[in-house]
Amino acid sequence: MEATVALGGNPNSGKTTLFNGLTGSRQHVGNYPGVTVDKKEGIYAYNGYKMHIVDLPGTYSLTAYSEEEVVARDFLVSEKPEVTIDIVDASNLERNLYLTVQLLELGVPSCVALNMMDVAKNRGIEIDTKKLSDLLAVPVLPVIARTGQGRQELMDSAAEVAKTKQKQEPLEISYGQDLDGVIRQMQDDIEKNRFMTECYPSRWIAIKYLENDEQILKKGQEANPSLAARLEKKVEKISHHLQRTLDTYPEAMIADYRYGYISSLLRQDDVFHQKYDKNRLYVSDKIDRVLTNRFMGPIIMLLILMGLYHFTFTYSETPVGWTENFFGWLADTVSANLPDGLLQSLIVSGIIDGVGGVMGFAPLIMFMFFGIALLEDSGYLARVAFMLDRVFKMFGLHGSSVMAYIVSGGIAGGCAVPGVMATRTLRSPRERLATLLTAPFMNCGAKLPVFALLIAAFFSENEAMMMFILTLIAWGGALIVAKILRLTIIKGEATPFVMELPPYRLPTFKGLMIHTWELTWQYIKKAGTIILGISVLLWAMMTFPGLPESETEKFEGKREAVKAAVSGSVVQELEFADQDTQLSLDALALTQQLSEIDAQESETALRYSAAGRIGTALESVTKLAGFDWRTNIALVGGFAAKEVVVSTLGTAYSLGEVDPEEYTSLAQRLAASPNWNPLVAISLMIFTVFYAPCFVAVVCIAKEAGSWKWGAFSMIFNTALAFGLSVLVFQIGSLI
Amino acid sequence: MNRLTMRHMQDNQSGTISAVKVGGELGRRIRDMGLVPGTEIMVQGRAPLYDPVALRVRGFTLTLRNNEANHIEVEVS
């Protein structure tokens with residue numbers, strides 16, 4: 001038998017665990033159309049069933065306030081799954097039933113999975129599932145999702161519902177005399193005019209009108225404007241009445257009655273029995289006494305966050321090294337087997353470097369997500385948000401923003417790519433956007449070689465001090481810009497914080513692995529193709545147009561002249577020498593001269609290329625910040641990855657390609673150059689902190705924010721901001 | 001019986017919610033989590049910087065910011 005089964009439930013109710021248990025590896029993640037909410041689907045095959053399982057986003061309610069809730073509701077209404085399994089945490093029954101009641105009011109054929117029966121039992125909770133099932137008029141099945149106990153019975157029962165129930169009679173709750181009367185009148189009007197009744201039950205529509213549900217109000221105005229106006233009028237009238245007589249609103253009253261209904265349901269015939277006081281503290285709460293303690297809490301948090309950071313960036317070094325070595329080897333092999341020229345250059349510098357760049361991040365992302373999944377699934381992440389919210393709130397952010405900042409390089413040396421992806425743990429849309437747009441200001445590992453170069457050249461005495469100041473600048477800048485964004489383009493009141501602190505739980509290994517793999521794969525798949533394209537584009541910008549023949553001939557002429565100046569035997573010695581041959585002094589001198597000419601040619605070629613022309617053309621403007629054309633080209637190259645600034649500067653200063661780790665000669669060159677001084681270095685460091693994120697990060701920003709608009713914004717805004725700050729620093733510095 | 005806003009409750013103090021005086025998204029979120037009149041709550045503690053506040057309600061722990069707790073009136077004995 002085939003059927004579509006939706007999985008609904010509160011966050012932390014064990015929904016994902018059940019989903020993983022049912023589908024195992026037969027699952028994939030997509031997106032609901034038009035929103036950034038993940039859509040997880042999978043297949044459950046057992047005993048002749050083939051069920052297509054859709055994991056709805058975890059929600060506490062079915063209002064229209066958050067994307068998740070709208071998505072869940074729309075899926076149930078428009079896709080009409082044959083059965084909806086509502087996962088309910090038995091150890092937290094009252095609140096979980098709040099969603100159940102709303103599902104039943106919507107009249108979707110459903111079946112309740114009473115999860116965590118073991119935890120409930122330990123807490124002295126006894127639930128009569130049979131009676132609960134009778135009262136709710138849907139099957140109620142006890143399960144333990146972690147161990148898989150009760151899973152088969154649950155699916156048997158779901159299959160039964162799918163097979164037999166075409167329609168579920170919507171649950172009717174009394175909302176008190178005042179509201180019930182109005183609801184009945186509205187219902188009559190709705191039914192008479194068949195007002196959206198093909199999608200929703202009539203009573204449900206009336207209730208949503210009373211709740212001021214934006215989505216339904218809007219749909220209503222489109223479907224039948226005059227009836228919609230009539231209904232809105234009724235709501236207005238009763239609202240007035242309630243405000244005057246009871247000092248309350250209809251939507252408040254509806255919530256009160258729903259909870260009242262649940263309480264009375266559980267009191268009936270001993271459906272629910274709890275031996276201990278319900279607010280008694282459990283092990284989890286005792287752990288919290290330490291972990292969120294005023295003094296110990298922040299210290300332990302700091303240690304845990306440092307530990308996560310250490311774990312991510314230290315242990316991922318080895319696999320990152322493997323991928324780098326592999327792509328290095330691939331590049332060498334291709335170089336050795338293809339003749340020098342454009343094709344070789346395209347494949348090595350454009351394609352292999354591009355793909356290598358994407359794959360190089362993959363192990364890092366994998367480790368980071370494993371670490372975050374561990375913190376999230378165990379429940380600790382909610383505590384971090386709880387402890388730090390006061391600070392982040394001041395800047396229009398959320399306590400959870402800290403994860404993205406730290407991973408991006410809040411502790412110098414992170415990476416904005418996993419940092420931007422880490423904002424997924426944030427459920428508040430405006431706060432999330434502000435976080436992911438500002439996280440790239442943090443000093444990622446790729447900015448460090450640039451700083452190291454400039455510090456070595458101009459501030460070699462105050463290395464540690466300079467790095468510390470740069471870290472402070474990054475944090476201060478990110479927080480202030482976040483605040484500015486929240487006051488301007490991402491304006492809006494703070495999203496309510498109201499957050500559950502779930503009990504600490506030991507995460508399941510399987511769950512962690514699935515979670516980690518899912519996100520890593522999404523990154524590779526989504527980012528990979530686009531990044532490859534941009535990488536080739538950047539390569540082309542720095543290669544084309546090539547030097548005209550007259551120019552290359554000039555360099556060829558120089559080479560010939562140098563060779564002619566020495567005796568023929570030396571030239572021959574060079575031609576026949578391989579890597580291991582010990583060269584004579586004359587031959588060494590010749591190689592030196594030849595490579596200098598090569599470097600000069602590269603410099604000329606770079607200046608002649610599209611990127612070089614942009615750099616040169618911009619010089620008149622960038623002079624304001626103290627940058628010459630060489631710096632400009634290097635910064636264009638830095639869009640590929642920030643450390644490329646160092647190697648491109650090397651080429652621009654005719655030093656050939658400079659390894660970012662080996663920058664001494666370049667530092668000496670800069671220190672000696674008349675175009676450079678400490679002020680220029682400071683200006684460039686400021687610029688490097690703030691300017692456009694590397695394109696891998698830009699692609700991630702666009703993906704996570706759900707629109708290319710934000711990717712473009714981060715490039716343009718950040719560069720403009722960086723330039724403004726650099727000009728400010730340079731001009732003020734020049735005056736002093 | 002004494003009426004005060006949740007913000008002004010002491011740590012470990014218990015009480016019964018008498019009114020939630022806010023509508024819109026915040027009001028909805030607060031009610032969705034089970035903070036409706038008649039509900040018993042206990043203040044479990046506060047974050048290191050005294051905001052947000054953590055409560056025990058209906059057997060689970062809920063946190064809200066002080067400015068959100070301002071809208072909730074509680075009767076304490």
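Note on naming: letters A, B, ... go to the chains in the order of the sequence lines (proteins, then strands), and numbering restarts at 1 for each one. Values reported hereafter were calculated over all heavy atoms of this structure, with side chains retained and with hydrogens, waters and symmetry mates removed.
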**Q.** Minimum heavy-atom distance between A:Phe386 and B:Arg46, given as atom pair plus value
**A.** CZ-C, 3.8 Å
Q) Which residues, numbered in order, of residues 66-77 of chain B come under 4.5 angstrom of chain A by heavy-atom distance? A) B:Asn67, B:Glu68
(Q) Which atoms of A:Tyr65 are under 4.5 Å from chain B, going by heavy atoms: the side chain, the backbone, both sets, or neither? (A) both
Q. Under the salt bridge (Lys or Arg N to Asp or Glu O under 4.0 Å) test, which residues partner A:Glu251, sequence neighbours left out?
A. B:Arg28
Q. Tell me, do B:Arg29 and A:Ser66 make a side-chain contact under 4.5 Å, heavy atoms counted?
A. yes
Q) Can you check side chain to side chain contact (heavy atoms under 4.5 Å, CB included) on B:Thr61 and A:Glu500, steps first, answer last? A) CA-CA 6 Å; B:Thr61 306; A:Glu500 184 185 4; over 6 Å; no
Q: Output yes when a side-chain donor or acceptor of B:Thr63 lies under 3.5 Å from a complementary backbone atom of A:Met499, and no otherwise.
A: yes
Q.
Using only non-hydrogen atoms and a strict under-4.5 angstrom cutoff, which residues of residues 16-26 of chain B touch chain A?
A. B:Lys21, B:Val22, B:Gly23, B:Gly24, B:Glu25, B:Leu26
Q.
Check for me whether A:Arg390 meets the cation-pi criterion with B:Tyr50, that is, NZ or CZ under 6.0 Å from the six-membered ring centre and within 45 degrees of the ring axis.
A. no
Q) If every non-hydrogen atom of A:Arg123 is compared with every non-hydrogen atom of B:Gly59, which pair is closest and at what distance? A) NH1-O, 3.8 Å
Q.
What part of A:Thr248 gets within 4.5 angstrom of chain B, counting heavy atoms only: side chain, backbone, both, or neither?
A. neither
Q. If you count heavy-atom pairs under 4.5 Å with chain A, which of B:Thr39, B:Asp32, B:Asp51 comes out on top?
A. B:Asp32
Q: Specify the closest pair of heavy atoms between B:Pro48 and A:Met387, including all atoms of both residues, with the distance to one decimal.
A: CD-CG, 3.6 Å
Q. Do any of residues 253-261 of chain A come closer than 4.5 Å to chain B, heavy atom to heavy atom, and if so which ones, in number order?
A. A:Ala255, A:Asp256, A:Tyr259
